[in-house]
Amino acid sequence: MSEHVRVLLTEKEVDDRIQAIGDQINKDYAGKQVHLICVLKGGSFFLCELAKRITVPVSLDFMYVSSYGNSTQSSGVIKIVKDLDDPITDKDVLVVEDIVDSGRTLSYLLEMLRERNPKSLRLCTLLDKPERRVVEVKVDYTGFQIPDEFVVGYGLDYDQRYRNLPYIGVIEFEE
């Protein structure tokens with residue numbers, strides 16, 4: 001089976017939307033420092049571009065949470081592969097994710113982070129697939145709502161490939 005990638009969101013569309021999200025975060029966190037937690041691996045591309053557009057003081061940390069493996073469907077089993085390096089107690093925390101799909105992973109992650117007593121906890125995602133939601137998750141900043149298609153590019157992968165595409169594409173399989 002082979003696959004090809006169809007462009008869903010161009011590089012310019014993604015870039016413009018990230019700027020708009022950055023502008024909103026600057027307003028919402030004016031006078032504060034925001035602690036960005038990137039959900040690896042896919043969130044790293046979005047985090048880098050978003051952080052460049054945030055003008056309030058920023059600190060960073062990373063988590064690696066997995067629920068997909070090498071499949072196009074979430075396994076429903078959530079595994080913390082890499083936890084935070086630093087405590088988040090009394091920090092204004094913004095979790096930065098590439099995509100919100102079923103909501104299982106983020107619901108688990110956000111509950112775990114709430115127990116660590118941040119001053120505030122918000123969620124920012126580049127892509128949101130509300131049709132796929134199994135567990136409700138409040139998303140505070142959304143780049144794009146997208147249809148229920150398997151997407152790649154801008155950090156999102158299929159079996160560790162396509163992350164480096166500068167746009168969001170839909171992977172289409174051919175027999």
Side-chain angles (χ1 to χ4, degrees), residues 3-29 34-56 58 60 62-68 71-76 78 92-110 113 120-173:
E3 71 257 4
H4 76 276
V5 178
R6 170 178 50 86
V7 176
L8 178 66
L9 298 164
T10 67
E11 183 175 5
K12 178 160 180 18
E13 289 173 309
V14 174
D15 189 58
D16 290 349
R17 185 64 189 128
I18 293 172
Q19 181 62 57
I21 293 169
D23 291 345
Q24 188 60 53
I25 290 169
N26 292 329
K27 289 177 189 165
D28 294 348
Y29 287 90
V34 63
H35 186 69
L36 303 177
I37 296 177
C38 177
V39 182
L40 297 171
K41 295 179 185 174
S44 61
F45 287 70
F46 178 40
L47 172 90
C48 289
E49 292 303 315
L50 180 63
K52 290 191 288 187
R53 291 158 175 85
I54 296 175
T55 56
V56 298
V58 168
L60 304 173
F62 300 87
M63 290 190 84
Y64 185 3
V65 183
S66 178
S67 68
Y68 277 86
S71 173
T72 60
Q73 297 290 319
S74 174
S75 66
I78 293 136
D92 289 305
V93 173
L94 180 60
V95 175
V96 179
E97 176 65 293
D98 55 359
I99 189 166
V100 179
D101 195 327
S102 71
R104 284 186 192 107
T105 302
L106 280 169
S107 175
Y108 175 84
L109 177 62
L110 292 171
L113 293 174
S120 67
L121 181 63
R122 291 182 177 172
L123 174 61
C124 178
T125 187
L126 179 59
L127 304 173
D128 188 7
K129 281 190 199 177
E131 292 174 47
R132 301 261 309 149
R133 202 75 86 245
V134 174
V135 177
E136 264 322 297
V137 175
K138 181 181 185 245
V139 181
D140 300 283
Y141 305 96
T142 301
F144 301 91
Q145 284 194 355
I146 61 169
D148 185 14
E149 297 181 286
F150 194 83
V151 290
V152 294
Y154 222 89
L156 294 115
D157 75 296
Y158 172 65
D159 198 17
Q160 297 301 324
R161 292 178 292 146
Y162 304 112
R163 286 189 196 278
N164 60 320
L165 296 176
Y167 57 87
I168 304 297
V170 175
I171 194 159
E172 297 178 336
F173 298 96

Self-check item: Nearest-0.5 Å distance that lies between atom CG in L40 and atom CE in M63
Solution: 9.5 Å

Quiz item: Do D98 and K41 meet the salt-bridge criterion of a basic N to acidic O distance under 4.0 Å?
Solution: no

Quiz prompt | Donor + acceptor pair across side chains of Q19, D23 (<3.5 Å) | solution = yes

Quiz prompt | Interatomic distance, I171 atom CD1 to R6 atom CZ [nearest 0.5 angstrom] | solution = 11.5 Å

Quiz item: Does G103 offer a backbone N or O that forms a donor-acceptor pair with the side chain of R133 under 3.5 Å?
Solution: no

Quiz item: Taking the six-membered ring for Trp, is the centroid-to-centroid distance between Y158 and F173 below 6.0 Å?
Solution: yes

Quiz prompt | Among I99, V96, V14, L50, the one residue meeting side-chain contact (heavy atoms from CB on, under 4.5 Å) with L126 | solution = V14

Quiz item: Any idea which heavy atoms bring D157 and D159 closest together, and the distance?
Solution: OD2-N, 3.4 Å

Quiz prompt | Check ion pair E13-R17 (N to O, under 4.0 angstrom) | solution = no

Quiz item: Distance from D28 atom CG to D140 atom CG, nearest 0.5 Å?
Solution: 9.0 Å

Exercise. Indicate yes or no: at least one non-hydrogen side-chain atom of Y108 is less than 4.5 angstrom from one of V135.
Key: no

Quiz prompt | Reported CG-to-NZ distance for the pair L106 and K138, which is rounded to 0.5 angstrom | solution = 14.0 Å

Quiz item: Are any side-chain N or O atoms of T142 and backbone N or O atoms of F144, one a donor and one an acceptor, separated by less than 3.5 Å?
Solution: no

Quiz prompt | Nearest heavy atoms of V137 and S107, plus distance in Å | solution = CG2-N, 3.9 Å

Quiz item: What's the shortest heavy-atom distance between Y29 and D92, and which atoms?
Solution: CE2-CB, 3.8 Å

Quiz prompt | Nearest-0.5 Å distance, OG1 of residue T10 to CG of residue D16 | solution = 8.0 Å

Quiz item: How close do C124 and I21 get, heavy atom to heavy atom, and via which atoms?
Solution: SG-CG2, 3.9 Å

Self-check item: D148: side-chain contact (heavy atoms from CB on, under 4.5 Å) partners, not counting sequence neighbours
Solution: K129, E131, R132

Exercise. Could you tell me which non-hydrogen atom of E3 sits nearest to which non-hydrogen atom of Y162, and how far apart they are?
Key: OE2-OH, 2.8 Å

Self-check item: Distance-minimising heavy-atom pair for Y154 and I168
Solution: CB-CD1, 3.5 Å

Quiz item: Is there a donor-acceptor contact under 3.5 Å from the side chain of N26 to the main chain of R53?
Solution: yes

Quiz item: Yes or no on side-chain contact (heavy atoms from CB on, under 4.5 Å) for F46 and L127, after CA distance, side-chain angles and deciding distance?
Solution: CA-CA 10 Å; F46 178 40; L127 304 173; over 6 Å; no

Exercise. Starting at OH of Y141, measure out to CG of L123 and round the result to the nearest 0.5 Å.
Key: 10.5 Å

